[in-house]
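First up is the structure itself, then whatever we jot down about it.
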Amino acid sequence: MSETNKILIIEDERPLARALELKLTHVGFETKTAVNGEEGLAILQKESFDLILTDLVMPKVDGFAVLTALRERGNTTPVIVLTNLSQAEDESRARTLGAAGFLVKSDISVSEIVERIKYVFEAP
């Protein structure tokens, strides 16, 4: 990573959002956090990011609506969904809306999430 990659974390579980922010910053990413989809979309109106990490179940605007809005705006930033929804239909719907990745919170640690994100930036 020559220049700092910017990641937007859209997550309503503040302890998880903070843990991701700390870990990602520690390994050299620049992060910004939004506590719901509405706030995340507002930030995306003003700033661009190299990756978006979003939850699906959030107050105000959910992750599916975030994915839909990004698609409607022509935003091609890769999105990794991080959720407690583990149904195949949820993953299928998220991927149909443009999600590049789908991670189930209960199945993965913060360290593993960071490793997956690092891999996204290192992959050719």
Side-chain angles (χ1 to χ4, degrees):
M1 295 183 304
S2 51
E3 59 185 70
T4 304
N5 289 301
K6 285 179 65 178
I7 300 172
L8 176 61
I9 302 164
I10 308 174
E11 171 60 66
D12 64 324
E13 290 179 37
R14 290 176 194 268
L16 176 59
R18 186 72 184 130
L20 285 166
E21 192 177 20
L22 289 170
K23 274 269 204 210
L24 289 166
T25 302
H26 180 73
V27 297
F29 292 106
E30 185 181 324
T31 63
K32 186 163 247 183
T33 305
V35 296
N36 59 55
E38 182 179 73
E39 189 179 315
L41 289 170
I43 291 169
L44 287 163
Q45 292 277 49
K46 301 182 203 103
E47 296 180 54
S48 62
F49 293 84
D50 300 300
L51 181 73
I52 300 166
L53 195 60
T54 188
D55 189 3
L56 288 179
V57 180
M58 298 179 286
K60 296 188 182 178
V61 175
D62 71 15
F64 292 118
V66 169
L67 288 166
T68 301
L70 291 174
R71 184 189 231 179
E72 288 170 354
R73 292 177 184 178
N75 186 321
T76 57
T77 304
V79 179
I80 294 177
V81 169
L82 183 62
T83 184
N84 280 320
L85 298 179
S86 57
Q87 300 297 317
E89 307 85 72
D90 296 316
E91 180 172 0
S92 175
R93 182 175 170 205
R95 289 190 182 278
T96 299
L97 290 170
F102 191 92
L103 305 174
V104 178
K105 292 177 191 177
S106 59
D107 297 347
I108 194 165
S109 70
V110 171
S111 295
E112 288 174 299
I113 295 166
V114 171
E115 287 308 311
R116 297 268 181 106
I117 290 169
K118 283 167 51 179
Y119 178 78
V120 167
F121 289 110
E122 291 163 2

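These values consider heavy atoms only, across backbone and side chains, with no hydrogens, waters or symmetry-generated copies.
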Apply salt bridge (charged side-chain N to carboxylate O under 4.0 Å, His left out) to the pair R95 and E91, showing each step before the final yes or no.
-> CA-CA 6 Å; R95 289 190 182 278; E91 180 172 0; 3.0 Å; yes
Q) Does the pair V66 and L70 meet the rule for a side-chain contact (heavy atoms from CB on, under 4.5 Å), with working shown? A) CA-CA 6 Å; V66 169; L70 291 174; 4.1 Å; yes
- prompt: What's the verdict on side-chain contact (heavy atoms from CB on, under 4.5 Å) for L16 and L82, showing C-alpha distance, side-chain angles and the deciding distance?
  reply: CA-CA 11 Å; L16 176 59; L82 183 62; 4.1 Å; yes
Notebook entry, point to check: Under the side-chain contact (heavy atoms from CB on, under 4.5 Å) criterion, do D90 and T83 qualify, and how do the steps go?
Noted result: CA-CA 10 Å; D90 296 316; T83 184; over 6 Å; no
query: Where do V114 and L24 land on the side-chain contact (heavy atoms from CB on, under 4.5 Å) test, with the steps shown first?
result: CA-CA 6 Å; V114 171; L24 289 166; 3.9 Å; yes
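For the atom pair CZ of F29 and CD1 of I9, the computed distance is 10.5 Å after rounding to the nearest 0.5 Å. The distance from atom CD of E38 to atom CD1 of I10, rounded to the nearest 0.5 Å, is 11.5 Å. Distance CG/L22 to NE2/H26: 10.0 Å, rounded to 0.5 Å. The OG1 atom of T33 sits 7.5 Å away from the CG atom of L8 when rounded to the nearest 0.5 Å. For the atom pair CG of L103 and CG of L53, the computed distance is 7.5 Å after rounding to the nearest 0.5 Å. Considering CZ of R18 and CG of L20, their distance stands at 11.0 Å, rounded to 0.5 Å.
Checked by atom type and distance alone, the side chain of T25 pairs as donor or acceptor with a backbone atom of E21 at under 3.5 Å. For E11 (side chain) and E13 (main-chain N/O), a donor-acceptor pair under 3.5 Å exists by modelled atom type.
Applying the side-chain hydrogen bond (donor to acceptor under 3.5 Å, both in side chains) test to every pair with at least one member in residues 50-72, sequence neighbours left out, gives these pairs: D55-K105.
Using a 4.5 Å cut-off between side-chain heavy atoms of Ile, Leu, Val, Met, Phe, Trp and Tyr, with links allowed through other members, F102 and V120 fall into different hydrophobic clusters. In this structure, M58 is a member of the same hydrophobic cluster as I52, with clusters built from ILVMFWY side-chain heavy atoms closer than 4.5 Å. Tracing side-chain contacts under 4.5 Å through hydrophobic residues (I, L, V, M, F, W, Y), one reaches L51 starting from I108; they form part of the same cluster. Note on V79: it does not cluster hydrophobically with V35, by side-chain heavy-atom contacts below 4.5 Å among ILVMFWY residues.
Between P59 and D12, some side-chain heavy-atom pair lies under the 4.5 Å cut-off.
Checked against side-chain hydrogen bond (donor to acceptor under 3.5 Å, both in side chains), R116 has no partners two or more places apart in sequence or in another chain. Remark: S111 engages K23 in a side-chain hydrogen bond (donor to acceptor under 3.5 Å, both in side chains) (not counting sequence neighbours).
Of all the heavy atoms in L67 and A94, the pair that sits closest is CD1-O, 3.8 Å.
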